[in-house]
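Only one structure is covered here, and it is reproduced in the block below.
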Amino acid sequence: MSKLSRDDNGQVTIFGALGTTQVMTVTTSSVQSTAVATGVTILRLANGSGVHCHFQIGSNPTASLTTSPMLPANAVEYVACASGDKVAVIRSGLTATDVSITQIG
């Protein structure tokens, strides 16, 4: 099980082993990842491009350009999840991007 805590400088740190990584090509339609493994409670999302995208997490999520959280270009986010959840991603621009989803357990 992963844990969040603060270091001596008050910065959030994550303790947990890196698990399975899935790299998804983000398109102009919402696409879903595979399901998160049992026991995983945190995901590391990394956007590897100069284009932002939007994501949604849930049992059968659909990412939206207007209501889903944005993952900025060239950014890494740590987000909570539950076993069996999937990540859906979408982009609006013409430039393609990939998102890396790493399970932390």
* Structure fact -> In terms of heavy-atom contacts, Met24 and Val89 come closest through CE-CG2, 3.7 Å

* From Leu65 atom CG to Met70 atom CE, the distance as rounded to the nearest 0.5 Å -> 11.5 Å

* Asked: side chain to side chain donor-acceptor pair (under 3.5 Å): which pairs involve residues 54-64, sequence neighbours left out?
  -> Gln32-Asn60, Gln56-Ser68, Ser64-Thr66, Ser64-Thr67

* Structure fact -> Heavy-atom closest pair (Val51 atom, Ala73 atom, distance to 0.1 Å) is N-CB, 3.5 Å

* **Partners passing side chain to side chain contact (heavy atoms under 4.5 Å, CB included) against Asp98 (at least two apart in sequence or in another chain)** => Val23, Thr25

* **Residue pair Arg91 / Thr28, side-chain heavy-atom distance below 4.5 Å** => yes

* Asked: Judged by atom type as modelled, is there a donor-acceptor pair below 3.5 Å linking the side chain of Ser33 to the main-chain atoms of Val87?
  -> yes

* Asked: Got a sec, which residues hit side chain to side chain contact (heavy atoms under 4.5 Å, CB included) with Thr27, two or more places apart in sequence or on another chain?
  -> Ser29, Val31

* Path from Ile42 to Leu18 over hydrophobic side-chain contacts below 4.5 Å -> yes

* First locate atom CZ of Arg44, then atom OG of Ser100, and finally report the distance between them rounded to the nearest 0.5 Å. => 6.0 Å

* To do: Answer yes or no: is there a donor N or O on one side and an acceptor on the other, between the side chain of Asn47 and the main chain of Pro72, under 3.5 Å?
  => yes

* **Residue pair Ser83 / Thr38: nearest heavy atoms and the distance that separates them** => OG-CA, 3.4 Å

* Structure fact -> The reported gap from CG in Asp85 to OG1 in Thr34 (rounded to nearest 0.5 angstrom) is 11.5 Å

* side chain to side chain contact (heavy atoms under 4.5 Å, CB included) between Phe55 and Val79, intermediate numbers included -> CA-CA 11 Å; Phe55 69 94; Val79 295; 4.0 Å; yes

* What closest approach, in Å, do Glu77 and Leu71 show between heavy atoms, and which atom pair accounts for it? -> CG-CD1, 3.3 Å

* Asked: Got Val40 and Ile104 here, is their nearest side-chain heavy-atom distance under 4.5 Å?
  -> no

* Looking only at non-hydrogen atoms, find the nearest pair between Ser30 and Ile90 and report the distance. => N-CD1, 3.7 Å

* Which atom names give the shortest non-hydrogen contact between Ala88 and Pro61, and what distance separates them? -> CB-O, 3.5 Å

